[in-house]
Amino acid sequence: MHEIKKRIRNMYPFHKIEKKWQAYWEDQKTFCTPEQPHPNKEKFYVLDMFPYPSGAGLHVGHPEGYTATDIMARYKRMKGFNVLHPMGWDSFGLPAEQYALETGTHPRETTLKNIDRFRAQLKALGFSYDWDREIATTDPAYFKWTQWIFLKLYEQGLAYQAEVPVNWCPALGTVLANEEVIDGKSERGGYPVVRKPMRQWMLKITHFAERLLEGLEALDWSHSIKEMQRNWIGRSEGAEVNFQIKDHPGKEIRVFTTRPDTLFGATYMVLAPEHSLVDMLTTTEQQQAVQRYQKQAATKNDLERTELQKQKTGVPTGSYAVNPVNQENIPIWIADYVLSTYGTGAIMAVPAHDQRDYEFAKTFDLPICEVISGGALQKEAHQGDGRLMNSSSSFISIDGLHVEGAKQKMTDHLEREKVGVRKINYKLRDWLFSRQRYWGEPFPIIFVDGEPKPLPETDLPIELPDVESYKPSGTGQSPLTTMEDWVNTVDVETGKPARRETNTMPQWAGSCWYYLRYLDPYNDKQLVDPEKEKYWMPVDLYVGGAEHAVLHLLYARFWHKVLYDAGVVSTKEPFQRLINQGMILGEMEYTAYRNAKGAWISAEDVGEEETCHPEHVDEFQVQKQDEFFVLKEHPGIRVNARAHKMSKSRGNVVNPDDVIRDYGADSLRLYEMFMGPLDQVKPWSMKGVEGVYRFLNRVWRLIIHEKTGTLNSAADEEPSSKQLRALHKVIKRVTEDLDSMDFNTAIAAMMEFLNAAQKWGQIPRSVIEPFILILSPFAPHMAEELWKKLGHAQTLAYESWPVFSPDYLKEDEVEMIIQINGKLRGKIMVPVGYPQAEVLNRVRSDTSISKYLENKSIQKEIYVPGKLVNFVVSAS
RNA sequence: GCCCGGGUGGUGGAAUGGCAGACACAACGGACUUAAAAUCCGUUGCCCUUUUAGGCGUGGGGGUUCGAAUCCCCCCCCGGGUACCA
């Protein structure tokens, strides 16, 4: 209570101002983008990753990116662009369904309530969205088109059904998402989870692997995101090679290898335990061992497999394959280090030149045959370059070649002999596109005589029926299965009875194309009007969290290419420029530890003691000693100093509502941008919020008289050259920083301007007005209010962005630094344009410098005009 | 292990080959006040020194350069992602 009172005393009236301007913008539709945009203006489409409207409301991480885009949107409007800046909701999703399960509330109700809350919170931040274009993926008018896109995918042969293992939890009677499974147990209840194959829809994203890879080139995305996408797609060049199987004429094992050059070094083969040929290959003697191993591998979850990464396991099948280059017989094993999902699910093992094969061979005492010189095979596999050896037979020789040449020659040989082909392989797998859930888009598919059949476009949208219970069916299928009235239908074309698809689409579906719907949100004839699409696409700036670096961005790019092929969109890529904001962590925490007896333990000893209790200590109780923090009272006791990810369980979540209540939306916006570079991880600090809040108060008081509330500045007098220089300097810096999205330094520049302006007394109107304008994208409420107080009737949202004039930045004199042997030894002021020889003369005769030149000879004089003079001297 | 990002005062950060620490927080001192809050003014990388002057300093080590936080090589630490991808 006391806290709040003391703040109220001297604050500017942000409560009143912010509500007032939010209402004004809404009434006046200030930020609505017209259907017919101004023809002479350039377009700028600035997009946020739309949120999932969770029950918890906004947290301070959301407004980070949203503020950045809002500043850019406001800046570009003032720069004369047609700006499109929309917002919507990614509103299908698991939490609403789980809540429904617990409370019986329809997910639609929960979702609408959460959307209302989110919308109110976003409006309280003063974002300049065009709310007339708001969309929600759960709206039938929206998901009609999600379903329509699925029909396109189906038509193009890009959707198919397959039996794919899912996380089946018998105790819960439901299928779980990976994130709901922890250590092989269900997150809720801790029941065992097994992998069970179920019929699923798959999308052939792998057909687009090459295009998804190539498309990255021209995009203005950070190096790291592009790299992560490249790694995810995982292109590798090599060959597929067929190995005959001894005693099984006509049967062969196909492997993929990136190293056909090492074929002579293949001393055994390994199949994934799930490989389809395993049963046939297993000899009677090995049957028991193989089956035991297969069973073991199937029950292992990912985590267990990971733990076993050091110790290779496997069993021989008892059969042999024939190496096609030398006709030698090599044993066939199964081992879980070979994955059924990559390549062909089988490898030729070259222990001399692949580290995993090497470890496996060492474990099971299999032969290691060196075929490339230059390694140290007693220690490890030699995976680098060298000359080929031991690689000739009556069929081919590649001895003496280097790796690259050997690869080519061998692959040519394999192709000629028809035992292998060049092949490009991708890590990328097809996209599992169905979920056994209620709260998702229904598929526009019916089954007639057990065969899938797409529904006609005219039937769309296929809406979700209201079910009685959200409980899982118990069979792992969606709760929709229990809705007999809905499931059973009739194929209109043939009159035959039909069943609806009861799987629903994953949450990704709606977010794969939402950026297109904003362009034309009310169109019920088309996904988007081609004219509008041509005008607005691509998205010029897309900002969102790094957690979407791979999946969302890859899936959306995939759909975009499908829509491109279907003629729906005109650009090959949807998002031209992408920025990932860094996570905002909780406040810095200092943690000390006590043992069971209550005595302090130094942080580096924690873990050695049996039990120790972490204890939060205040900033004032610690101090830095060398590179560590220690307790002031006990300098021998080290303390951990770290900021942690915000989480409910840790109790360090900052709620934007509280910040807005105490400091106002403008302060929150400004602080989020002042913390540091947008893309960096950074800890929250309430003290930092107070800092920017003080800055805003000072801006206010500079213009508005504290007691009377009347204008304090803005006299109609001529500005001094000092004032003009300060003004044009800040315009220049803010403009340039906005162009490169360096918001933190732009704010610092405005703070510097204010620090100078506070010393001026009266400030001319021609100086203060441009300053208000450049402040306005950051703190729009305050700027609008001040603009109005300065006598303007209209919003400043479409005022022209101030332009700086280099003329005002000119100085008569510049300060030059003087270095001796690169060390700073003095400074002098010289007139601009002063000749080099004169400057050097003055430096040489400068009294503060001469002592460094005594008994020395000048070897070299470095002169950087307007910046520095450096004398390289040595003892004479 | 691999991939990506990062390491600068007590803290967040600025400077991308030319004055290290802009701006802000915190701390300390002062003004105003009966007092406090708010506000305003000042000090504030470390060491040595009464002052002056100087030395050291951007995770560590080496190199390139007249000059390196910035470029190159090696190493250490922190964060995120990923899981044997043949």
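Numbered from 1 within each chain, the chains take letters A, B, ... in sequence-line order.
- In this model, the phosphate group of B:A22 is not approached by any side-chain N or O of A:Asn744 to a distance below 4.0 Å at OP1 or OP2.
- Base orientation of B:G55: anti, since the glycosidic angle falls outside 90° of 0.
- A:Lys827 comes within 4.0 angstrom of a base, heavy atoms only.
- If you check every strand for non-hydrogen atoms under 4.0 Å, A:Gln758 touches sugar and phosphate atoms only.
- The existence of a salt bridge linking A:Arg230 and A:Glu227 is confirmed by a sub-4.0 Å separation between a basic side-chain nitrogen and an acidic carboxylate oxygen.
- The separation of B:C48 from B:A53, taken at their C1' atoms, amounts to 11 Å, rounded to a whole angstrom.
- In a base pair of the Watson-Crick type (N1 to N3 plus N6-O4 or O6-N4) or a G-U wobble (N1-O2 and O6-N3), with each distance short of 3.5 Å, B:G29 is matched with B:C41.
- In this structure, B:A15 makes no Watson-Crick or G-U wobble pair, since no nucleotide meets both defining distances under 3.5 angstrom.
- Counting non-hydrogen atoms under 4.0 angstrom, A:Thr258 reaches the backbone sugars and phosphates but no base.
- Contacts of A:Gln819 with the nucleic acid, taken as non-hydrogen atoms under 4.0 Å apart, include base atoms.
- Using a 4.0 Å heavy-atom criterion, one finds that A:Gly234 contacts no nucleic acid atom at all.
- Using a 4.0 Å heavy-atom criterion, one finds that A:Ser236 contacts the sugar-phosphate atoms exclusively.
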